[in-house]
Amino acid sequence: EEEDEDTDSMEGSGLYSLTDDAERESEGGGRQRQKDEDDDDEAMEAWLKAELRELRGPVWQAVPSLRSREIGRDSQQFVRRVCGARGLVQRLELQGRLERHTGCVNTLHFNPSGTRLASGSDDLRVVIWDWAVRRAVLEFDSGHKSNVFQAKFLPHSGDSTLAMCARDGQIRVAELSATQCCKNTKRVAQHKGAAHKLALEPDSPCSFLSAGEDAVVFGIDLRLDRPANKLVVVKEGEKKVGLYTIFVNPAKTHHFAVGGRDQYVRIYDQRKINENENNGVLKKFCPSHLVSSESKTNITCLVYSHDGTELLASYNDEDIYLFDSNHSDGADYLRRYKGHRNNATVKGVNFYGPCSEFVVSGSDCGHIYLWDKSSARIVQFMEGDRGGVVNCLEPHPHLPGMATSGLDHDIKLWAPTAENATLLKGLKEVMKKNKRERDEDSVRHGDQYDTQLLWFLMRHMRNRRPPRVSPGRPPPPPGFLQSVRKR
């Protein structure tokens, strides 16, 4: 019996010893995991804070500005200063939705006076809206055979000419009548691949540019019997570079910039494109850390600032970069805007404000981000799409507000009517999530940026979504935008 007791005691002692070792090992592993998480959080915080500048004090003050306007001092500048005020950007909120399309809304464009809004969709239709009263005044078949990517009013055309491009590679023009009908649409050019963007010449009612995934830039002049003229085939060395975006410099209208399936912003001068000399390129820009990058980064959208001195470029699964367009060839970026996610679709970016005071972008997380351009700090953060992706952002040309669209089938209107400025609630967590997913996808997938795959993904996501149930409440009454518009 004594031997049995000793054996039991030894067995018990061994069992407890093993248990203690396991607990100690588990605790050690838990501490290491916690340390790794803390290190990751510190690295993330450092990344979020890097390259930020101090946010300048408010330039516009409401009460003094209103007082000056009432006595006739600087009244012409009142709306302009309101549109560029950070305090109003921080009060942007949803005003209402425009619902007519039955597919993803890929393009939005205000006419020059800001009274009409054109939208185009996967449903192959174009709708012209009187956005202030939220009513469609014209709807017509675009004539395209696949997703409509852009529809733009030509300037100084009396809102009677609309240029369009689409996944089918066609560039089409719609002639609209004063009686709110579409007289006809006709094809004026054909790319051998999808055509994502058009670039308007600011003062021309009959000429514009188009860019396609076939690497071709067309100059289109509607006065000619054969409107399309091939300006350049974009190449890096001997390799063609498919294009996703194009924009004309508003101050030097003979200059235009393109971006696409590599990391370079290319600027051309229409007056002297010689493809035998530097492939016709006037100058190229690229963030220095992406020049030799193996990540196969692409530019999904670029835009010039209001005065043509700056260029903004959005990179897929990277950040948004600001360049000085007057700098010499090869110059590095000026500012970097972080926190969003640009992966699932060919995402847009834009300046916001009459003097390009802010940068605005959508994101795969379904939010809209607005950065102060000078400091690169986020000043507004809004939920913009229930389908999960915001692609298109169109600031109003004269009023404080904008229209946005994405995978949802509606268009959302935003205006600065919130009583209090945003607290940016949940921003940091969303930014960290976007960065982690971006890093994980970069390691796991590498270069999978194929537009056919993205097109399938967009349709798949759209078709899987349950139909959105209307909240059943009437739209809010016309508010701030309409009151300013009347003034």
Side-chain angles (χ1 to χ4, degrees), residues 92 94-111 114 116-129 131 142 144 146-153 162-167 194-200 211 244-247 259 299-303 312-314 316 320 340-352 358-370 380 382-397 401-415 451 454-455 457-459 461-462:
L92 285 170
L94 184 64
Q95 299 296 298
R97 296 178 174 87
L98 305 179
E99 301 187 32
R100 193 81 170 197
H101 288 290
T102 57
C104 304
V105 181
N106 305 315
T107 176
L108 300 170
H109 187 244
F110 283 106
N111 64 348
R116 295 288 185 265
L117 177 68
S119 62
S121 167
D122 286 359
D123 61 14
L124 310 185
R125 300 187 69 76
V126 172
V127 179
I128 310 298
W129 303 88
W131 62 270
S142 66
H144 287 287
S146 191
N147 319 50
V148 177
F149 284 152
Q150 276 213 310
K152 286 178 170 282
F153 293 99
L162 204 70
M164 304 172 292
C165 63
R167 176 167 292 282
H196 290 271
K197 290 288 194 298
L198 304 171
L200 303 183
Y244 297 128
T245 181
I246 184 169
F247 211 94
I299 298 171
T300 63
C301 185
L302 57 76
V303 292
L312 201 59
S314 182
N316 76 293
I320 298 168
H340 73 308
R341 183 94 197 276
N342 177 5
N343 173 261
T345 54
V346 180
K347 203 160 279 78
V349 69
N350 217 331
F351 287 101
Y352 181 91
F358 304 94
V359 172
V360 59
S361 174
S363 175
D364 293 348
C365 62
H367 291 87
I368 299 165
Y369 293 74
L370 281 117
Q380 181 58 283
M382 309 177 291
E383 186 175 349
D385 197 272
R386 297 184 183 187
V389 179
V390 180
N391 293 325
C392 188
L393 309 106
E394 177 74 358
H396 191 278
M402 64 179 173
T404 65
S405 65
L407 290 188
D408 287 347
H409 297 175
D410 60 14
I411 300 153
K412 296 176 178 67
L413 301 173
W414 307 83
T451 54
L454 297 180
W455 176 70
L457 175 65
M458 286 173 64
R459 287 186 171 276
M461 291 174 69
R462 186 194 71 190

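Atoms CG and CG, on Leu407 and Asp385 in that order, are 5.5 Å from each other to the nearest 0.5 Å. Remark: Leu108 CG to Met402 CE distance equals 11.0 Å, nearest 0.5 Å. Here the NE2 atom belonging to His109 is positioned 9.0 Å from the CG atom belonging to Leu162, to the nearest 0.5 angstrom. Atom CG of residue Leu198 and atom CD1 of residue Ile246 lie 8.5 Å apart, to the nearest 0.5 angstrom. Here the CG atom belonging to Leu393 is positioned 6.0 Å from the OG1 atom belonging to Thr404, to the nearest 0.5 angstrom. Here the NE2-CD distance, from His101 to Glu99, works out to 11.5 Å after rounding to the nearest 0.5 Å.
Taking each heavy atom of Leu117 and Ala403 in turn, the nearest pair found is CD2-CB, 4.0 Å. Nearest heavy-atom pair, Ser146 versus Ala166, reported as atom, atom and distance to 0.1 Å: O-CB, 3.6 Å. For Lys347 against Gly362, the heavy-atom pair with the smallest separation is CD-O, 3.5 Å. The two residues Asp410 and Arg97 make their nearest non-hydrogen contact at OD2-CD, 2.9 Å.
Formation of a donor-acceptor pair under 3.5 Å by the Ser363 side chain with backbone atoms of Arg341 is found in this model. For Asp123 (side chain) and Arg125 (main-chain N/O), a donor-acceptor pair under 3.5 Å exists by modelled atom type. For the pair Tyr352 (side chain) and Gly401 (backbone), a donor-acceptor distance under 3.5 Å is present.
For the residue pair Asn342/Asn316, the side-chain donor-acceptor check at 3.5 Å is not satisfied.
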Check the pair Asn391, Asn106 against side chain to side chain donor-acceptor pair (under 3.5 Å), reporting the backbone distance first and the verdict last. CA-CA 7 Å; Asn391 293 325; Asn106 305 315; 5.2 Å; no
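Looking at Ile411 and Trp131, their side chains never come closer than 4.5 Å, going by heavy atoms from C-beta outward. Taking the side chain as every heavy atom from C-beta outward, Ile128 and Phe153 approach each other to under 4.5 Å.
Cys392 pairs with exactly one of Ser119, Ser405, Cys301 by the side chain to side chain contact (heavy atoms under 4.5 Å, CB included) rule, that one being Ser405.
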